[in-house]
Peer 1: 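Just passing along the structure, written as C-alpha cells.
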Number of protein chains: 2
Amino acid sequence: MRKLMPMYYRLAYDIKLDIESGKLKEGDMIPTEEQLGEMYGISRMTVRQGIALLTEAGLIETLKGKGSFVRLPKLNQLVINFHNASSTDGEQFRYKLLSAKMVYDNHSYAQQLGLAPDDKVILLRSLLYKDDLPSAIEEKYMRYLRGKPLLETQLEYAAFPEVIAKHQDSVPVRNEMVISVDVLSLEQANLLETEPFQPVMVITQVIYSKDDVPLGISRMVCHKDRFQLNATSYLGRL
Amino acid sequence: MRKLMPMYYRLAYDIKLDIESGKLKEGDMIPTEEQLGEMYGISRMTVRQGIALLTEAGLIETLKGKGSFVRLPKLNQLVINFHNASSTDGEQFRYKLLSAKMVYDNHSYAQQLGLAPDDKVILLRSLLYKDDLPSAIEEKYMRYLRGKPLLETQLEYAAFPEVIAKHQDSVPVRNEMVISVDVLSLEQANLLETEPFQPVMVITQVIYSKDDVPLGISRMVCHKDRFQLNATSYLGRL
DNA sequence: TAGTGGTCTAGACCACACT
DNA sequence: GTGTGGTCTAGACCACTAT
C-alpha cells in the first residue's frame, strides 16, 4: 500500500480489512453504492469498480435490488498450481523421455479419446526426476495428427497441456484431473527404483476442446516420498 | 444466450468464441478499446466491462500502454471443490464423531498451532461413511477457547473450515492443503474395516487467520477405493 | 413507492510503451 | 508524439426487492 493506490482500491481494501478483523460479519450488508460514493467522495462507477474487486475476491456477494453482503472466503475451494508440478518441496522436475510410439490396439485410454477403432494414438512415456531420483512415471496419450510432428525438445520438457496445445488443432479449453491412490506394479517399481506394491499417487488428466472432445489423457504415477500436491484457497486476494 | 444479454457480455462472448475456434491465436492482440467501441457502437467504459470479463476468465491479458492479448486458458491451474468432499462418485459423506478430547502434551500437530506448551488443544476424531462403508478418518486439531462450546450437531456434520469459523474468534481467511500418500496403520485399518498396510490418500488442511496464525489443522486418511479427489481448470468461464 | 444494484454514456486526464 | 490502457466523472434509465 505504499504507492498511491486508486480510489476504488482503497475502498475495497478498507472493506476487506473490516471483514478480516471481524468488524463486518458474515451476512452483514455493506453500505450502498451511493453511500460509499459520498463517504469517499467518488462517483458511483468508481465505487462499483471497488465492489467488483471484492466480489472477485469472494469477500462479498451482491444481490440486485437488495445490496452487497459479506461472505466469508470459500475455504473449501482450493487451487492446485500444477505447472511447477510440485515435488515434495517446490522444485521443478527433469523430464526423460522413455518411449514414443503409436498405439494401434483398443487401449483403454485410447478408447477414451473418442476415436474410431483404427485411428492412431501416440503414447509418450516419460520419467520425471527430482534430485536425480526417479519420482514419477507419466504416460501421455493423444490422437496422432499428420503434419503435426512432435519435436523432441518439446517431448522431453513440456508439461502435458502444453504438449496438447502444440500438437492438436483444436484449442484445449478444459482440464479434468482425478487424484487417486494405487500400488506400484513390478515394472513401475523398477522404473522408480523402489520396491513393488509401494503406495503411489495417481494423477489422471484429461484435456478437452470446447466441444468436450477429449484431446489427450495423461496418467502420472508418483512415488510416495518424492511427490506431493499442494493446494490453497484462492479467494480473498485483493 | 437466449435472453437479451448486455452489450459488454456480447462483446466478450464474441471474442471468447474467436479464441476457442482458433480465429484468435495465443499472443494475438485483440482490437483496441476504442476500436471495439466503434465496432459495437458502445462507449469505452462498456467495452472495458467486457474486457474485464475476459481477463477474469483468463482468456486475455492486458498490458498498459500496449493492448490486450490472447492467452490460452491456464490448464495447469485446477480447482478442487472440497465441500462436497468428493467420494469416488460425487456423493456426500455421513459423519460419525469418534471422540472429542483435550490434548495436553506436545503433540506434533498441536505444536504447529503455534501455542504455548500449556495451551489446550481440542482433538476431534471422526469417521466418514459413504454408502455405509467407512471411507476416511478425519482428525481435527484446534485451539481450545473458553466460552466457545462445541455443539455436537456441528461436530458431527460440519466440514473443517466451517467448524473453525464457528469456534475460533479470528476470521479464517486461508486454507493450505497438502495431498500425499501413506499406508494404513493397524488401528486405522480397523476403523476403515480393511487390511493394514493398504495405501491411503492423506489430505492435510491448515486454516490460517489474516495474520497467518494457524487456527486449526485437519488430517484425513482416505480409503484407497472409496475416495478420490477431483479438480478442474477453472478459468475460461464466461 | 422508494431503495437497491445493473447497464450505459460521452466525455476527461493520466501513465506507460513505442518510435 | 502517437497510441494504448487506467482512472474517474456526473449524470441517465432500467430491473429487481421490498413495503
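Quick note on labels: first sequence line is chain A, next is B, and so on, each numbered from 1. This one's a predicted model, so the numbers in the text were calculated from it and none came from an experiment.
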Peer 1: Which residues pass the side-chain hydrogen bond (donor to acceptor under 3.5 Å, both in side chains) test with A/S21, sequence neighbours left out?
Peer 2: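 So A/S21 forms no side-chain hydrogen bond (donor to acceptor under 3.5 Å, both in side chains) with any residue.
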Peer 1: Applying side-chain hydrogen bond (donor to acceptor under 3.5 Å, both in side chains), can you list everything that pairs with A/R71, at least two apart in sequence or on another chain?
Peer 2: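 Once residues adjacent in sequence are excluded, A/R71 has no partner under the side-chain hydrogen bond (donor to acceptor under 3.5 Å, both in side chains) criterion.
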Peer 1: Using the side-chain hydrogen bond (donor to acceptor under 3.5 Å, both in side chains) criterion, which residues pair with A/Q168? Sequence neighbours excluded.
Peer 2: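 Listed in chain order: nothing, the list is empty.
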Peer 1: If we check ring-ring contact (aromatic ring centres under 6.0 Å, His included) with A/F93, which of these qualifies: A/Y129, A/F227, A/F82?
Peer 2: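 For A/F93, the ring-ring contact (aromatic ring centres under 6.0 Å, His included) check succeeds only for A/F227.
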Peer 1: Taking salt bridge (Lys or Arg N to Asp or Glu O under 4.0 Å) as the definition, give me every residue that meets it alongside A/D211, ordered by chain and number, with sequence neighbours left out.
Peer 2: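 None.
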Peer 1: Go through the structure and list residues passing side chain to side chain contact (heavy atoms under 4.5 Å, CB included) with B/E26, not counting sequence neighbours.
Peer 2: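 For B/E26 the side chain to side chain contact (heavy atoms under 4.5 Å, CB included) partners, ignoring immediate neighbours, are B/L72.
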Peer 1: Would you please name every residue forming a side-chain hydrogen bond (donor to acceptor under 3.5 Å, both in side chains) with A/Y40, sequence neighbours left out?
Peer 2: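 side-chain hydrogen bond (donor to acceptor under 3.5 Å, both in side chains) check on A/Y40 returns A/D14.
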Peer 1: Enumerate the salt bridge (charged side-chain N to carboxylate O under 4.0 Å, His left out) contacts for residues 72-82 of chain B, please, sequence neighbours excluded, ordered by first and then second residue.
Peer 2: none
Peer 1: Can you list everything that forms a salt bridge (Lys or Arg N to Asp or Glu O under 4.0 Å) with A/K23? Sequence neighbours excluded, please.
Peer 2: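 In terms of salt bridge (Lys or Arg N to Asp or Glu O under 4.0 Å), with neighbours along the sequence ignored, A/K23 is linked to A/D18.
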Peer 1: Going by heavy atoms closer than 4.0 Å, what residues in residues 26-43 of chain A are next to DNA chain D?
Peer 2: A/G41, A/I42, A/S43
Peer 1: When Watson-Crick pairs (N1 to N3 and N6-O4 or O6-N4) and G-U wobble pairs (N1-O2 and O6-N3) count only below 3.5 Å on both distances, what is the dot-bracket string of DNA chain C, with | for other-strand pairs?
Peer 2: ||||||||||||||||||.
Peer 1: Could you tell me how far apart A/F69 (CZ) and C/dT4 (P) are, to the nearest whole angstrom?
Peer 2: 10 Å
Peer 1: Rounding to an integer number of Å, can you tell me how far A/Y9 OH sits from D/dC8 C1'?
Peer 2: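 Going from OH in A/Y9 over to C1' in D/dC8 covers 19 Å.
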Peer 1: Is B/V202 close to B/R219 at the side-chain level, that is, under 4.5 Å between some pair of heavy atoms?
Peer 2: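 In short, these two side chains touch, coming nearer than 4.5 Å.
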Peer 1: Short of 4.0 Å, heavy atom to strand atom, which residues of residues 60-68 of chain A count as contacting DNA chain C?
Peer 2: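 Under 4.0 Å from DNA chain C: A/T62, A/L63, A/K64, A/G65, A/K66, A/G67, A/S68.
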Peer 1: Any idea which of D/dC8, D/dA10, C/dG5 is nearest the A/R44 side chain?
Peer 2: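 Closest nucleotide among those given: C/dG5.
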Peer 1: Atom CG of A/L53 and atom C1' of D/dG6: how far apart are they, to the nearest Å?
Peer 2: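 Computing the A/L53:CG to D/dG6:C1' distance gives 13 Å.
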Peer 1: Between B/R48 and D/dG6, is there a side-chain N or O to OP1/OP2 distance below 4.0 Å?
Peer 2: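 Indeed, a polar side-chain atom of B/R48 lies that close.
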Peer 1: Taking only N and O in the side chain of B/Q49, is any of them less than 4.0 Å away from OP1 or OP2 of C/dC8?
Peer 2: no
Peer 1: Between C1' on D/dT9 and CE on A/M7, what's the gap in Å once rounded to a whole number?
Peer 2: 13 Å
Peer 1: Distance check needed: D/dG6 C1' versus A/Y8 OH, whole Å only.
Peer 2: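 From A/Y8 OH to D/dG6 C1': 7 Å.
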Peer 1: Output all residues satisfying salt bridge (Lys or Arg N to Asp or Glu O under 4.0 Å) with B/D212, sequence neighbours left out; order by chain, then residue number.
Peer 2: B/R174
Peer 1: Looking at D/dT7, D/dA10, C/dG5, which one has an atom nearest to any side-chain atom of A/M45?
Peer 2: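 The listed nucleotide nearest to A/M45's side chain is D/dA10.
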